[in-house]
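None of these values were measured; they are calculated from a predicted model. Numbers restart at 1 for each chain; the letters A, B, ... are given by sequence-line order, proteins then strands.
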2 protein chains.
Amino acid sequence: MSERFPLYLVLAAKLERLVVTLAPNSLLPTEQQMAKRYGVSRVTVRSALDLLERNGLVTRLRGRGTTVSPRKITRHFSPLHSFEKDLASQGVAFETQIMSYDPVAAPSDSIRERLCLAERETVGCLSLVRLVEDRIVCHDLRHYPPKIARQLDPTLIERRDASDILESLAGAPVADVDWESEIVSASGDVAMALQIAPRTLVLANTYTWRLENGTPVEAGTISYRNDRCKFRYELRFNPDLDGGLADSGSGPTRMPGKRTVKRRERS
Amino acid sequence: MSERFPLYLVLAAKLERLVVTLAPNSLLPTEQQMAKRYGVSRVTVRSALDLLERNGLVTRLRGRGTTVSPRKITRHFSPLHSFEKDLASQGVAFETQIMSYDPVAAPSDSIRERLCLAERETVGCLSLVRLVEDRIVCHDLRHYPPKIARQLDPTLIERRDASDILESLAGAPVADVDWESEIVSASGDVAMALQIAPRTLVLANTYTWRLENGTPVEAGTISYRNDRCKFRYELRFNPDLDGGLADSGSGPTRMPGKRTVKRRERS
DNA sequence: TAGTGGTCTAGACCACAAA
DNA sequence: TTGTGGTCTAGACCACTAT
């Protein structure tokens with residue numbers, strides 16, 4: 001039965017059973033030792049560990065070894081909270097590290113549009129990472145319109161809630177948030193900030209904050225490591241309000257009546 | 001500059017530039033040919049193609065070769081629509097294939113609780129996949145309380161919107177949806193249904209549908225392939241309503257003042 | 001300096017799709 | 001039957017961590 005499975009999957013299952021019994025940050029045997037112990041090549045061991053690493057079960061570091069990862073943190077996106085308030089409400093300690101701040105950066109077209117800026121205007125560009133138990137979990141790339149950018153002291157953000165600082169600078173409460181979430185391939189910059197390989201999939205949240213009068217005061221993207229974070233979107237809704245699920249209309253797009261099972265795409 | 005990058009990443013970038021210029025379903029050179037053409041081993045070619053495959057750019061099939069993938073479909077989760085209505089509104093054709101239906105299955109504890117069932121009651125258990133352009137994009141595992149399970153004709157679901165069928169069986173409109181989204185490792189069953197390797201990360205939506213009087217009429221989990229689907233959650237909200245972003249309180253959890261950059265976790 | 005994981009190689013066998 | 005991608009091996013060199 002289990003003979004039909006590739007070695008690296010069988011090994012991954014064995015290693016997972018081992019890993020879940022160990023304390024976080026425990027050091028696992030070296031890849032060489034595993035290869036010898038399980039009677040497979042080191043490449044096969046690595047294939048198995050790759051899977052566990054992508055799933056956030058183990059952390060590998062060249063020169064040190066492979067360790068059992070701490071549990072993933074959970075990021076609750078609804079009701080919508082800032083990162084700071086979400087983790088604080090769970091009692092999870094975190095740290096913020098500013099990577100760079102450029103008060104007069106040239107904005108991308110997307111940022112310029114979202115901040116409603118003129119052709120030549122610059123933005124404040126803040127790059128930071130959040131760490132839980134000394135492990136990077138997400139990267140923020142935040143952009144501010146010129147008026148706010150000039151006043152901003154980026155080091156404050158390492159110690160205070162970013163939205164609070166923004167509100168004191170803007171002199172009015174943040175009244176509205178546009179917000180959009182997508183799983184994408186990490187760009188080179190984001191991958192470097194998150195210390196993951198380029199093209200790793202991350203969860204990217206793109207947002208714009210506005211004051212009550214509609215003035216945008218911040219726009220940015222927050223990228224989360226899938227191997228260190230879980231995500232929750234909880235919605236409870238009444239379909240009568242927007243006609244979401246109820247009423248059928250003419251039904252879904254009809255398909256030609258192919259009822260036979262298609263060719264398999266994969267073994 | 002680019003000499004510092006591993007070969008497989010450089011190659012992945014080259015292949016991506018090639019792939020994006022080709023029509024969907026174009027056949028790429030074989031791994032052997034690429035290895036020869038780019039002067040690397042086949043293992044290195046495979047490392048690069050693994051990345052592109054996980055990102056949904058190429059599809060590989062043993063015996064056939066490597067082809068350029070069609071574009072990802074986009075699943076809009078807010079405002080909340082059924083799969084059928086979401087894709088129909090985008091003009092994207094899809095097909096539904098029932099994999100199995102057991103009208104008297106034993107429910108898991110989670111399902112029994114969500115459907116408010118007694119200890120010994122059974123459920124209707126429906127397993128299906130959705131295909132776009134003959135490619136599986138998601139898998140539904142749906143559970144119905146006994147009264148509805150007895151009446152349900154699963155083959156209808158291949159041709160009609162599932163929520164419409166449910167409403168006609170229940171005799172009342174679906175009035176409320178509990179809904180939760182999470183990125184998880186695919187279990188063996190789900191991986192097999194989606195034709196992906198076990199432990200591949202998928203987006204799993206867990207939901208419960210209820211009538212106006214609170215009676216649950218369906219509970220289940222829908223798992224989406226990350227390499228074939230993009231996802232959108234769009235929210236626009238007023239923080240005054242739930243105190244989400246506004247008002248600071250006592251601030252976030254304070255961290256001990258470590259200001260130095262931590263040891264790198266990865267090169 | 002010793003030992004780790006990260007990368008890369010050449011070669012092999014297999015299951016599967018297509019002709 | 002041919003050729004594909006999927007898996008696996010043994011061996012090598014390198015960059016990095018820890019000592």
Side-chain angles (χ1 to χ4, degrees), chain A residues 2-13 15 25-54 58-69 134 191 195-200 261-267, chain B residues 2-13 15 25-54 58-69 134 191 195-200 261-267:
Chain A
S2 71
E3 300 310 296
R4 309 190 66 251
F5 286 94
L7 272 182
Y8 73 95
L9 284 179
V10 174
L11 180 56
L15 292 178
N25 303 310
S26 306
L27 195 60
L28 292 175
T30 70
E31 297 178 350
Q32 288 285 4
Q33 290 170 335
M34 290 185 189
K36 193 170 184 182
R37 178 176 310 174
Y38 295 103
V40 299
S41 74
R42 191 178 150 220
V43 175
T44 302
V45 170
R46 284 185 56 74
S47 296
L49 287 176
D50 282 347
L51 290 180
L52 299 193
E53 186 179 36
R54 276 202 290 279
V58 301
T59 301
R60 295 194 281 184
L61 187 54
R62 175 161 33 185
R64 191 200 306 174
T66 302
T67 54
V68 177
S69 300
D134 291 343
Q195 299 179 5
I196 55 179
R199 292 161 199 282
T200 303
V261 173
K262 294 298 174 38
R263 60 166 154 51
R264 292 288 162 199
E265 302 172 76
R266 184 168 286 279
S267 59
Chain B
S2 71
E3 301 309 296
R4 310 191 65 250
F5 286 94
L7 272 181
Y8 74 94
L9 284 179
V10 175
L11 180 56
L15 292 177
N25 303 311
S26 306
L27 195 60
L28 292 174
T30 69
E31 296 178 349
Q32 287 285 5
Q33 291 171 334
M34 290 185 189
K36 193 170 182 180
R37 178 176 311 174
Y38 295 102
V40 299
S41 74
R42 190 179 151 221
V43 175
T44 302
V45 170
R46 284 184 57 74
S47 295
L49 287 176
D50 282 346
L51 289 180
L52 299 192
E53 186 179 37
R54 276 202 289 278
V58 302
T59 302
R60 296 193 281 184
L61 187 55
R62 176 161 32 186
R64 192 200 305 174
T66 302
T67 55
V68 177
S69 301
D134 291 344
Q195 299 178 5
I196 55 179
R199 293 163 198 281
T200 303
V261 173
K262 294 298 174 37
R263 58 166 154 49
R264 290 292 162 199
E265 304 172 76
R266 185 167 285 279
S267 60

Restricting both atoms to N or O, compile the protein contacts to nucleotides 8-11 of chain D shorter than 3.5 Å, with distance only.
from, atom 1, to, atom 2, distance (Å)
D/dC8, OP1, A/L7, N, 2.2
D/dC8, OP2, A/Y8, N, 3.2
D/dT9, OP2, A/S41, N, 2.8
D/dT9, OP2, A/S41, OG, 2.8
D/dT9, OP2, A/T44, OG1, 2.4

Does D/dG6 have OP1 or OP2 sitting under 4.0 Å from an N or O in the side chain of B/R46?
yes

Grab the CZ-P distance between A/R60 and D/dA18 for me, whole Å please.
17 Å

Checking all strands, does A/S47 fall into the base, sugar-phosphate, or nothing category for heavy-atom contacts under 4.0 angstrom?
nothing

A/E31 CD to D/dA12 C1', in whole Å, measures 15 Å

Report the residues that fulfil side chain to side chain donor-acceptor pair (under 3.5 Å) with A/T67, sequence neighbours left out, ordered by chain and then residue number.
none

Once you round it to whole Å, what is the distance between C1' of C/dG6 and CD of A/Q195?
16 Å

Between D/dG6 atom P and B/D50 atom CG, what is the distance in whole Å?
8 Å

Rounding to a whole Å, what distance do you find between A/R62:CZ and D/dC14:C1'?
8 Å

Quick one: side chain to side chain donor-acceptor pair (under 3.5 Å) partners of B/T66, sequence neighbours excluded?
none

Does a nitrogen or oxygen in the side chain of A/T30 sit under 4.0 Å from OP1 or OP2 of C/dG3?
no

Quick one: B/Q32 CD to D/dT2 C1', roughly how many Å, whole number?
14 Å

Kindly point out which of C/dA18, D/dA18, C/dT4 is positioned nearest to the side chain of A/R64?
D/dA18

Using atom types as modelled and distance alone, determine if a side-chain donor or acceptor of A/S69 lies under 3.5 Å from a backbone N or O of A/T59.
yes

Name all residues meeting the side-chain contact (heavy atoms from CB on, under 4.5 Å) criterion together with B/R54; count only those two or more places apart in sequence or in a different chain, and write none if there are none.
A/R54, B/D50, B/L51

Reference residue A/E31; test salt bridge (Lys or Arg N to Asp or Glu O under 4.0 Å); the match among A/R62, A/R37, A/R42
A/R42

Which residues share a side chain to side chain donor-acceptor pair (under 3.5 Å) with B/S47, sequence neighbours left out:
none

Please report the distance, rounded to the nearest Å, between CG in B/L61 and C1' in D/dG6.
11 Å

Separation of C/dA17 atom P from B/L27 atom CG, nearest Å, is 15 Å

Residues that B/S26 engages under side chain to side chain donor-acceptor pair (under 3.5 Å), provided they are two or more places apart:
none

